[in-house]
Amino acid sequence: MDEELERHIAPREEALARIRSMLVNKLKVALPPGQIDIDAPLVGTGIGLDSIDAVELVVALEAEFGIFLEQGAAGPWAFRTVHALVDLVVEAGES
């Protein structure tokens, strides 16, 4: 694999693994981490989170990744899917 591509993919794969684990261990998602679809909606019929879980998700992300998500800075799109969370975390880590 191209070295530049590897530098792009590696942090995303690490973030994905940590987010999946966090969803299972901290938010009690009833799926094994490897079965959490990265494109399934987080809220409602997808992963099954509710509005209380959404608040807990922000707290868990900040603790897990050592980032601060300023209120309103990310927008609702950042919390639609696991894939969107990976984007959010990777971008926050680059800042």
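Since the model is a prediction, treat every value here as computed from it, not as a measurement.
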Quick check: closest heavy atoms across [X] and [Y], and the distance to 0.1 Å?
X: Val58; Y: Leu69; result: CG1-CD1, 4.2 Å
X: Pro32; Y: Val24; result: C-CG2, 4.3 Å
X: Leu23; Y: Leu42; result: CD1-CD2, 4.4 Å
X: Ala78; Y: Leu85; result: O-CD2, 3.4 Å

Can you sort out the partners of Asn25 under side chain to side chain donor-acceptor pair (under 3.5 Å), two or more places apart, ordered by chain and number?
Ser21
Can you give me every donor-acceptor pair (side chain of residues 9-20, partner residue at least two apart or in another chain, under 3.5 Å) with its distance?
residue	atom	partner	partner atom	Å
Arg12	NH1	Asp87	OD1	2.9
Arg12	NH2	His83	NE2	3.2
Arg12	NH2	Asp87	OD1	2.6
Glu14	OE2	Arg18	NH1	3.3
Arg18	NE	Glu64	OE2	3.0
Arg18	NH2	Glu64	O	2.4
Arg18	NH2	Glu64	OE2	3.4
Arg20	NE	Pro33	O	3.4
Arg20	NE	Ile36	O	3.1
Arg20	NH2	Ile36	O	2.9

Mind checking whether Val59 and Val86 sit in one hydrophobic cluster, side chains of I, L, V, M, F, W, Y counted as touching below 4.5 Å?
no
Got a second to check how far Glu91's CD is from Ile67's CD1, nearest 0.5 Å?
10.5 Å
List the atom pairs, with distances to 0.1 Å, where a side-chain N or O of residues 43-56 and a protein N or O form a donor-acceptor pair under 3.5 Å, not counting sequence neighbours.
residue	atom	partner	partner atom	Å
Asp50	OD1	Ile52	N	3.1
Asp50	OD1	Asp53	N	2.8
Asp53	OD2	Asp50	N	3.0

